[in-house]
Number of protein chains: 2
Amino acid sequence: MDTLTVMQKVVPELKDVLERRYTILRAVRTLGPVGRRNLTHELGLSERTVRSDLDILRAQGLVLASSEGVLLSPEGEVVLARLDEMARKLHDVAGLEAALGEIFGLQRVIVVPGDSDSDPSVKRDMVQVAGEYLRSILRDGDILAVTGGTTLAQVAECFPGESFNRRVTVVPARGGLGEDIRIQANTIAVRLAEKLGGSYRLLHAPEDVLPCYVEQILREPRIRDVIALSKRAKVLLHGIGTAEEMARRRGLDDDTTMGLIARGAVGEAFGYYFNAKGEIVYSTSSVGLRLHDLENISKVVAVAGGRSKAWAILAVLSTGRCHVCITDEGAARRVMRLKESTKTEGGVTDDHQDWD
Amino acid sequence: MDTLTVMQKVVPELKDVLERRYTILRAVRTLGPVGRRNLTHELGLSERTVRSDLDILRAQGLVLASSEGVLLSPEGEVVLARLDEMARKLHDVAGLEAALGEIFGLQRVIVVPGDSDSDPSVKRDMVQVAGEYLRSILRDGDILAVTGGTTLAQVAECFPGESFNRRVTVVPARGGLGEDIRIQANTIAVRLAEKLGGSYRLLHAPEDVLPCYVEQILREPRIRDVIALSKRAKVLLHGIGTAEEMARRRGLDDDTTMGLIARGAVGEAFGYYFNAKGEIVYSTSSVGLRLHDLENISKVVAVAGGRSKAWAILAVLSTGRCHVCITDEGAARRVMRLKESTKTEGGVTDDHQDWD
DNA sequence: AGCAGTGGGACATTTTCTGTCCCGCTAGGT
DNA sequence: ACCTAGCGGGACAGAAAATGTCCCACTGCT
C-alpha cells in the first residue's frame with residue numbers, strides 16, 4: 001500500500017486541498033508571474049480560496065510574490081515536479097503511454113494526468129508539455145509546420161521558457177479556416193515563431209476553396225513557396241478534431257455533414273476526415289499539406305486531449321501516419337477502451353456520454 | 001524529496017491531523033475495544049475531537065464501532081502498520097537502533113518513534129512492542145524474571161494478544177519496594193503470567209531489608225526457592241530508573257541520596273545504582289537477583305523510555321550486562337548525544353532541561 | 001435488577017473559512 | 001510627466017465548520 005493511499009485513508013479531507021493546491025501551483029508555473037484575480041478567473045475558484053492557498057504556499061516558500069504577481073520559487077519548482085511524478089504514478093500514465101505507443105506504433109507518447117474536458121488546467125498542462133517537447137526536438141534550421149485549432153493556439157500561447165533562439169522557420173500547413181483569427185494556422189505560426197525566436201511564413205489562402213480554383217491558387221508564387229516549404233518540414237505539429245466539430249467549423253452544409261457521419265467519419269486532421277479504422281472518408285479540396293506529404297516529415301506530432309475527442313484521436317492515430325502523440329489521461333483511457341471494443345466486436349454502443 | 005515531505009510542504013495543515021489520527025489509531029490498537037470517553041481521557045484530547053476523528057476513521061473503514069467500543073478493522077491494522085513504517089522512516093529509528101546496538105554491544109535494539117515524556121501514547125507503544133518482543137522469544141518451559149516499576153507494570157497491562165499459552169514461569173527478580181502495589185515485581189509477575197497463560201511464583205520479602213536480616217530471610221525455603229528459580233531464568237525483563245527517582249521511591253534518607261549523587265549515580269536497575277560509565281556506585285542490600293547472576297541469563301532485556309531517563313539508560317547500558325534494549329526515540333537520541341559528549345570531554349554541562 | 005460504559009443525538013458557542021469590498025502601490029504605456 | 005490596469009494586502013460581515021458539553025437509549029456484566 002502506497003504512502004499516498006495510506007494518507008488518503010487516514011486523512012480523506014487531504015484530497016481536496018492537495019488537488020486544489022496542485023492545480024494552483026501548476027497554473028502559477030504556466031502563467032508565470034500572475035496576479036491573484038487572474039488566477040482566480042483562470043481556475044474558476046473563488047478569489048478568497050486562491051488567496052488563502054497562496055498565502056500558505058508562500059509561507060511554505062513554494063511561491064514568491066512580487067509586484068507583478070506570484071511565481072514559483074526554485075523550491076516550488078522542485079516540489080511541483082515531485083507532485084507531477086506523484087500524479088503520474090497515481091494515475092499510471094506511464095502504463096498508458098506504453099500501451100498507446102504499442103497499439104498505434106508510435107515513437108513517443110506523452111500522457112498528462114487528468115482530463116481537459118472536466119478540468120481546463122489539464123489542457124494547459126498538455127499544451128505546455130507539447131511546447132517542452134517541441135523545444136527538445138527542434139534544431140537550428142529546422143522547419144516546423146503547424147495546423148490551426150484551439151489546442152494548437154494554446155500550444156503557441158503557453159510556449160514555455162524565454163529565449164529559445166534556434167533558427168526555426170514556422171510555416172502554416174493549412175490555409176485559413178473559419179472566422180476566428182486566434183485559431184488560424186497563420187496566427188499560430190506567427191505566435192510560435194515569436195516564442196521560438198525564429199521566422200515564419202504566411203499562407204495567404206483560404207482552406208476551403210472551390211476545386212476549380214485550387215490549381216489557380218497553387219500557381220501563386222508566394223503560396224506555392226510556402227507549401228513547398230511545409231512539405232520539407234522536419235516536424236509537423238497538428239491538432240485533432242472531432243468530425244462534427246470540424247464540419248461545423250468549416251461551415252459544411254447539413255447534407256455533406258450527414259454524409260460524413262453516415263460514412264463513419266469521427267476524426268479530422270489537416271483537412272482529412274477519418275473513420276474509426278483510420279481510413280479517409282472525406283478530404284477537403286484543400287490548399288496546404290496533403291496526406292502523402294507526411295511521408296517525408298520525420299516527426300508528425302499530434303496534440304489533442306479531452307475524453308470527448310477519444311474517437312477522433314483513435315481515428316487519426318489509426319492512420320499510422322503519426323509518430324508522436326501528446327494527449328491527456330481522459331482521452332487516452334477512452335481511446336484504449338474504444339480500441340479494445342472495436343478490436344473484438346467492431347463497434348461500441350453509446351459511448352458518447354461523459355462518465356466521471 | 002520524499003512523498004511525505006512534499007505533502008507537508010504543500011499541505012502543512014496535514015501534520016496536526018495526521019499525527020492526531022495516528023495517535024488515536026495506535027491507542028485503539030492497544031486499548032482494544034475502547035469507548036470514546038475512555039480514549040478521550042487516555043489521550044488528553046477533547047471528547048468532540050476524538051469523536052469527529054473516529055467518525056471519519058470509521059467512514060474510511062479503518063475502525064469498527066460496536067457496543068463495547070471501537071476497535072481496529074483488518075484494513076485499519078494494515079494501514080496502521082504502514083503508518084508505523086512511515087513514522088519509523090521519518091524519524092530514522094532504524095539508524096538509531098543500529099547506532100545504539102553498535103555502541104553498547106547489544107544483540108537487539110528496538111526504538112519506538114516519539115518521546116514518552118511528552119506523549120504518553122508513546123509509552124504505550126513502547127511497552128506493547130516490549131510485549132511483542134517477549135512473545136517472540138519465550139518458549140515452553142522458559143523462566144521469565146521481572147523487576148518492578150511503572151514501565152514494567154504497563155508492559156504487563158498492555159501485553160498484546162489473547163491466548164499465548166506457552167508454559168512460562170514468571171518470577172519476580174526483586175523483593176517488594178515502596179507502597180504502590182501496582183508497580184511491585186510481584187504484581188507484575190502475576191499479571192504477566194496471566195497474560196502469558198503461564199504460572200508465577202511470588203517473592204514474599206521486602207527489598208530493602210537491614211543487612212543483618214538478609215541472611216536470615218534468604219534461609220526461608222519459599223524465598224530461597226524463588227530466588228534460585230530467578231537465577232535460572234532464561235529472560236530477565238527489567239526497567240531502568242533515574243537515581244533520584246529510585247532513591248526517593250526506596251525512601252532513602254537525604255544523606256544517602258546526596259551521597260549517591262555525589263558519587264555520580266545517575267541510573268538504577270535491579271537494586272544497583274550506576275554512574276554514567278556503568279560502574280556500580282551503590283547497591284541495596286537486597287533480596288533478589290544479584291548483578292553477577294545476570295551472567296547465566298541469556299537475555300537481559302531493558303525497557304525504559306522518555307528523554308528524562310537518558311542518563312539512567314546510558315548508565316545501565318554501559319554496564320555491558322544487557323543484551324536487548326527497548327526504548328523510545330526521545331531517550332535514544334539523548335543517550336546518543338550524551339555518549340558522544342562523555343566520549344570527548346567526559347561530561348556534559350546542564351543536560352537536565354527538557355528540550356523539544 | 002443495578003450499573004458502568006458504550007455510541008449517538010443535540011445544541012450553543014467558538015473558531016475558521018469564504019465572499020467581497022477597498023486601498024495604496026508599481027510598472028508599462030501614452 | 002501622467003494615467004491606468006493590474007498587483008498584493010487589509011478589512012469585515014456572513015456562512016460554515018469545529019468544538020465543548022450535555023443527555024439519552026442500549027448493552028453486557030456483575
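Taken residue by residue, residues 33-48 of chain B places heavy atoms nearer than 4.0 Å to DNA chain C at B:V34, B:G35, B:R36, B:R37, B:N38, B:R48. For the segment residues 56-66 of chain B, residues with any heavy atom less than 4.0 angstrom from an atom of DNA chain C are, sorted by number, B:R58, B:S66.
Checked by atom type and distance alone, the side chain of A:T5 never pairs as donor or acceptor with a backbone atom of A:M1 at under 3.5 Å. A donor-acceptor contact shorter than 3.5 Å is absent between the side chain of B:D53 and the backbone of B:R21.
For B:S52, the side-chain hydrogen bond (donor to acceptor under 3.5 Å, both in side chains) partners are B:R48, not counting sequence neighbours. Residues satisfying the salt bridge (charged side-chain N to carboxylate O under 4.0 Å, His left out) test with B:E75, not counting sequence neighbours, are A:K9.
Remark: B:E132 does not engage B:R135 in a salt bridge, criterion side-chain N to carboxylate O under 4.0 Å. Taking 4.0 Å as the cut-off between side-chain N and carboxylate O, A:D84 and A:R29 count as a salt-bridged pair. With salt bridges taken as basic N to acidic carboxylate O contacts below 4.0 Å, none links A:R166 and A:D142. Contact check on B:K195 versus B:E157 returns no salt bridge, with no Lys/Arg side-chain nitrogen under 4.0 Å from an Asp/Glu carboxylate oxygen.
Residue-level contact check: A:S52 touches neither bases nor backbone, having no heavy atom under 4.0 Å from any strand.
In this structure, a donor-acceptor pair under 3.5 Å is present between the side chains of B:R26 and B:S121.
Contact footprint of chain B on DNA chain D: nucleotides with an atom under 4.0 Å from a non-hydrogen protein atom, first to last in 5' to 3' order, D:dT19 to D:dG28. Counting 5' to 3', DNA chain C first comes under 4.0 angstrom of a heavy atom of chain B and last does so at the ends given by C:dT6 to C:dA10.
Counting heavy atoms from C-beta outward, B:L39 and B:L54 have side chains that approach closer than 4.5 Å. The closest side-chain heavy-atom distance from B:R37 to B:H41 is not below 4.5 Å.
Nearer to the 5' terminus of DNA chain D, by closest-nucleotide assignment, is the contact made by A:S67 (compared with the other of B:S67 and A:S67).
Considering CG of A:L80 and CG of A:L72, their distance stands at 6.0 Å, rounded to 0.5 Å.
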Go through A:R58 and A:L62 one step at a time and tell me if the side-chain contact (heavy atoms from CB on, under 4.5 Å) criterion holds. CA-CA 6 Å; A:R58 188 155 42 88; A:L62 301 182; over 6 Å; no
